[in-house]
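Accompanying notes for the structure given below.
Every number for a ligand or one of its atoms is a count from 1 in the order of the listing. The first residue of the sequence shown is numbered 1, and numbering continues consecutively from there. Remember, it's a predicted structure, so these values are computed and weren't measured experimentally.
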Amino acid sequence: MKKNLYSIVIPVYNEEENIPVLYNRLRKVMQELEGDYEIIFVDDGSSDSSWILICELQEKDNSVKGIKLSRNFGHQIAITSGIESAIGDVVITVDADLQDPPEIIPELVKKWRCGYEVVYAIREKRRGENFLKRGFAWLFYRVLKKITKIDIPPDVGDFRLLSRKAVEQLKRLIEQYRFVRGLSTWIGFKQTGVEFVREARYKGKPKYSFWKSLKLALNGIVSFSIAPLQLASYMGFVVSILSFLYAIWSIIAKFVFERTIPGWTSIIVVVLFLGGVQLITLGIIGEYIGRIYGEVKKRPLYIIEQKVGYKDNEDYKEENRGKE
Ligand code: UDP
Ligand code: MG
């Protein structure tokens, strides 16, 4: 039987307390799976000792690889850089904080063996996250589902298995404003999910602040839908109808009832309302134009400062890949 190579991609941003525990749990799981594996830690500009820990692990264990980005590029880009340098037949992305239990990996792999190209882990329950975050997440996934044409599964984060075929297609999507869970749905193929209970963060603080989460949500919506732009025209339409009705009312008031109203209130209300609608519309257009600007600059997605453990990786590719 052909020996499979599994690549585990882990984005790391100041996770020194979690790396050793994650590594031990992962290794245990991976050793039980048949086949070889590589564990790729992507250090997304950590300022703690995460990179040192990664290098130490690499020295002890050849299946550990490390990529150090030149600064903090953000979770989605860190994942992307890991996926791009992975050479496995299967690539699995896992958060470093143990919220995505590695013990689920064999279940994902099982689905892959049944012929699925993308297997995502569905958060059946979320533990240790506050009410506000859970509420927003719930709302976001439902809104996203309503207004996008592709069927992005709700309650799915970035804990996911991608087959080599899916990875190759994902690599062709070079957009800057990345929403990886949307992109991996967009590529198509046979996809399925496995449910799991999302545990609380093991150690450390969440690296996603409320604003970062909001930005990610906005990326999800703006990258996959033009519904907000259409909203502007709907608002315009509603406002026009209302003003038309109001115009009729004012003519009747003047000529039929002959009431001359000072009219200050109505003018202020109309002016403020229209001003508000116009600002919202401009803001929405601005969001899209800002992204167009970001894309046309065609900057590289990320810059790698250092890589460890990669030479062996290349050797593996040439010597052992696909051997019986
Ligand atoms: N992360 C990253 N870069 C960032 C923010 C986060 O690589 O700028 C990593 C982080 O180390 C973790 C994963 O992305 O492994 C998810 O982050 P976090 O746990 O803060 O997100 P949450 O679980 O709250 O969505
Ligand atoms: Mg987390």
Tell me which protein heavy atom sits closest to atom 17 (O) of ligand 1, plus the residue, atom name and distance to 0.1 Å. Tyr208 CD1, 3.8 Å
Is Asp97 close enough that one of its N/O/S atoms sits under 2.8 Å from the Mg ion (ligand 2)? yes
Any donor-acceptor pair under 3.5 Å linking the side chain of Glu295 with the backbone of Gln176? yes
Identify, by atom number and element, the atoms of ligand 1 in contact range of Gln99, meaning under 4.0 Å from any of its heavy atoms. 19 (O), 22 (P), 23 (O)
Can you give me the closest heavy-atom contact between Arg123 and Gly157, atom names plus distance? NH2-CA, 3.3 Å
Could you give the distance from CG (Asp48) to OH (Tyr13), rounded to the nearest 0.5 Å? 9.5 Å
Is a salt bridge present between Lys111 and Glu107, judged by a nitrogen-to-oxygen distance below 4.0 Å? no
Quick one: do Ile54 and Leu57 satisfy side-chain contact (heavy atoms from CB on, under 4.5 Å)? Show the steps, please. CA-CA 5 Å; Ile54 295 168; Leu57 283 179; 5.7 Å; no
Just to be sure I read this right, does ligand 1 sit under 4.0 Å from the backbone of Glu15, its side chain, both, or neither, counting only heavy atoms? side chain
Within-cut-off N or O pair, Pro11 and ligand 1, under 3.5 Å: yes
Within 4.0 Å of some non-hydrogen atom of Asn72, the atoms of ligand 1 are 3 (N), 4 (C), 8 (O)
Salt bridge or not between Glu168 and Lys171? Use side-chain N to carboxylate O under 4.0 Å. yes
If I compare all heavy atoms of Tyr310 with all of Ser85, which pair ends up nearest, and what's the gap? OH-OG, 3.2 Å
Nearest-option assignment for atom 3 (N) of ligand 1, heavy atoms, candidates Asp97, Asp44, Asn18, Val12: Asp44
Answer yes or no for Arg71 and Phe73: cation-pi contact, defined as NZ/CZ to six-membered ring centre under 6.0 Å and angle to ring axis within 45°. yes
What is the nearest protein non-hydrogen atom to atom 1 (N) of ligand 1, stated with its residue, atom name and distance? Tyr13 CB, 3.7 Å
Starting from atom 20 (O) of ligand 1, what is the nearest protein heavy atom, named by residue and atom, and what distance separates them? Lys207 N, 2.4 Å
for atom 16 (C) of ligand 1, nearest protein heavy atom and its distance come out as Asp95 OD2, 3.3 Å
May I ask whether Lys205 places a heavy atom under 4.0 Å from ligand 1? no
Where on Gln76 is there a heavy atom closer than 4.0 Å to ligand 1, on the side chain, on the backbone, on both, or on neither? neither
